[in-house]
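All remarks here apply to the structure that follows.
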Amino acid sequence: MNTGIFVGSFDPFTIGHDSIVRRALPLFDRLVIGVVGDNVQKPYMRPAEERMQAIRRLYADVPAIEVKPYYGLAIDFARHEQARFIVKGVRSSKDFEYEREQADINRQLTNGEVETILLYAEPQLSSISSSMVRELQHFGQDITPFLPSHPQPHA
């Protein structure tokens with residue numbers, strides 16, 4: 001079975017994340033969305049179970065998608081899930097450089113057993129980030145345009 005993982009804090013899971021999931025799904029038999037577990041370094045994060053339930057509801061009709069918590073390194077989570085691929089979204093050159101460095105280290109640590117696949121953000125979504133959405137929410141703005149509102153068709 002060809003398995004990929006897509007990991008992040010997903011606080012909240014945005015339409016940008018949904019775009020990456022929808023575009024990555026045809027590449028795999030199984031896509032595991034790994035939600036960073038509760039993190040004492042980021043006490044402001046909503047509990048992992050709450051974040052996972054929101055994502056599970058979104059993809060309830062997609063049997064190829066699983067949502068699980070993860071702790072530690074993404075490559076350890078990939079190994080645990082028997083995934084050979086880590087899917088990452090890239091919005092900018094800054095994201096690209098960060099993800100390129102992570103991919104290089106991950107490749108070294110796994111002797112090439114885990115590969116990173118970068119999917120570029122759709123242009124209209126390139127400015128959307130969870131931190132931006134949290135900031136808008138903090139200042140009382142309506143964030144629903146930035147959140148997936150219902151299950152979307154999958155390729």
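Below, all heavy atoms of this structure are taken into account, side chains as well, without hydrogens, waters or symmetry copies.
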For the residue pair Gln82 and Thr3, establish whether any side-chain heavy-atom pair is separated by less than 4.5 Å. no
Gln124 atom CD: more than 12 heavy-atom contacts under 6.0 Å: yes
Which residues pass the salt bridge (Lys or Arg N to Asp or Glu O under 4.0 Å) test with Glu81, sequence neighbours left out? Arg30, Lys68
Ser9 and Met45: which non-hydrogen atoms are nearest, and at how many Å? CB-SD, 3.6 Å
Has the side chain of Arg51 got a donor or acceptor atom that lies under 3.5 Å from a matching backbone atom of Arg46? yes
Scanning both residues in full, the closest heavy-atom pair of Gly37 with Ala48 reads CA-CB, 3.9 Å
Would you name the heavy atoms of Asp61 and Pro63 that are closest together and state the gap between them? O-CD, 3.4 Å
Can you confirm whether the side chains of Asp142 and Thr144 place a donor and an acceptor under 3.5 Å from each other? yes
Would you say Ile143 ends up clustered with Ile15 if hydrophobic residues are merged whenever their side chains have heavy atoms under 4.5 Å apart, either directly or through other cluster members? yes
Met132 side chain near Ser127 side chain, heavy-atom distance below 4.5 Å: no
Can you find a pair of side-chain heavy atoms, one from Val32 and one from Phe6, that are under 4.5 Å apart? no
Heavy atoms, side chains only, cut-off 4.5 Å: are Val133 and Gln137 in contact? no
Tell me, which pairs form a ring pair (Phe, Tyr, Trp, His ring centres under 6.0 Å) where one or both residues lie in residues 85-130, sequence neighbours left out? Phe28-Phe85
Side-chain donor/acceptor pairs under 3.5 Å, residues 73-80, sequence neighbours excluded:
from	atom 1	to	atom 2	distance (Å)
Asp76	OD1	Arg79	NH1	3.3
Arg79	NH2	Leu109	O	3.0

Could you go through Ile33 and Tyr59, starting from their C-alpha distance and side-chain angles, then the distance that decides it, and tell me whether this counts as side chain to side chain contact (heavy atoms under 4.5 Å, CB included)? CA-CA 10 Å; Ile33 300 174; Tyr59 300 112; 3.9 Å; yes
Can you list the residues that meet the salt bridge (Lys or Arg N to Asp or Glu O under 4.0 Å) rule with Arg56, with sequence neighbours excluded? Glu49
Other than Phe139, what residues sit in its cluster of Ile, Leu, Val, Met, Phe, Trp and Tyr side chains whose heavy atoms are under 4.5 Å apart, directly or through others? none
Salt bridge (Lys or Arg N to Asp or Glu O under 4.0 Å) involving Glu113 - partner list, sequence neighbours excluded: none
Side chain to side chain contact (heavy atoms under 4.5 Å, CB included), that's the test. Do Tyr70 and Val36 meet it? Break it down for me. CA-CA 5 Å; Tyr70 93 95; Val36 172; 3.7 Å; yes
Taking side chain as C-beta onward, heavy atoms only, is Ile128 less than 4.5 Å from Arg91? no
What residues form a side chain to side chain donor-acceptor pair (under 3.5 Å) with Asn106, not counting sequence neighbours? none
Common cluster, Val62/Ile20, ILVMFWY with side-chain heavy-atom separation under 4.5 Å: yes
Could you give me the CA-CA distance, side-chain angles and deciding distance for Ile5 and Leu31, then say whether side chain to side chain contact (heavy atoms under 4.5 Å, CB included) is met? CA-CA 6 Å; Ile5 63 167; Leu31 182 63; 5.9 Å; no
In sequence, state the C-alpha distance, the side-chain angles, and the governing distance for Glu115 and Arg107, and then conclude on side chain to side chain contact (heavy atoms under 4.5 Å, CB included). CA-CA 6 Å; Glu115 191 64 54; Arg107 197 175 305 106; 3.2 Å; yes
Partners passing side chain to side chain donor-acceptor pair (under 3.5 Å) against Ser130 (at least two apart in sequence or in another chain): none
Would you kindly confirm whether Leu58 and Leu119 end up in one hydrophobic cluster when ILVMFWY residues are joined by side chain heavy atoms under 4.5 Å apart? yes
All side chain to side chain donor-acceptor pair (under 3.5 Å) counterparts of Gln102, not counting sequence neighbours: none
Pairwise salt bridge (Lys or Arg N to Asp or Glu O under 4.0 Å) hits with a residue in residues 123-135, at least two apart: none
If you measure from CD on Glu101 to CD1 on Ile105, what distance do you get to the nearest 0.5 Å? 8.0 Å
Those residues that, when tested against Asp29, pass side chain to side chain donor-acceptor pair (under 3.5 Å) (two or more places apart): none
Contacts of Ser19 meeting side chain to side chain contact (heavy atoms under 4.5 Å, CB included) (sequence neighbours excluded), chain-then-number -> Arg22, Arg23, Glu122, Leu125
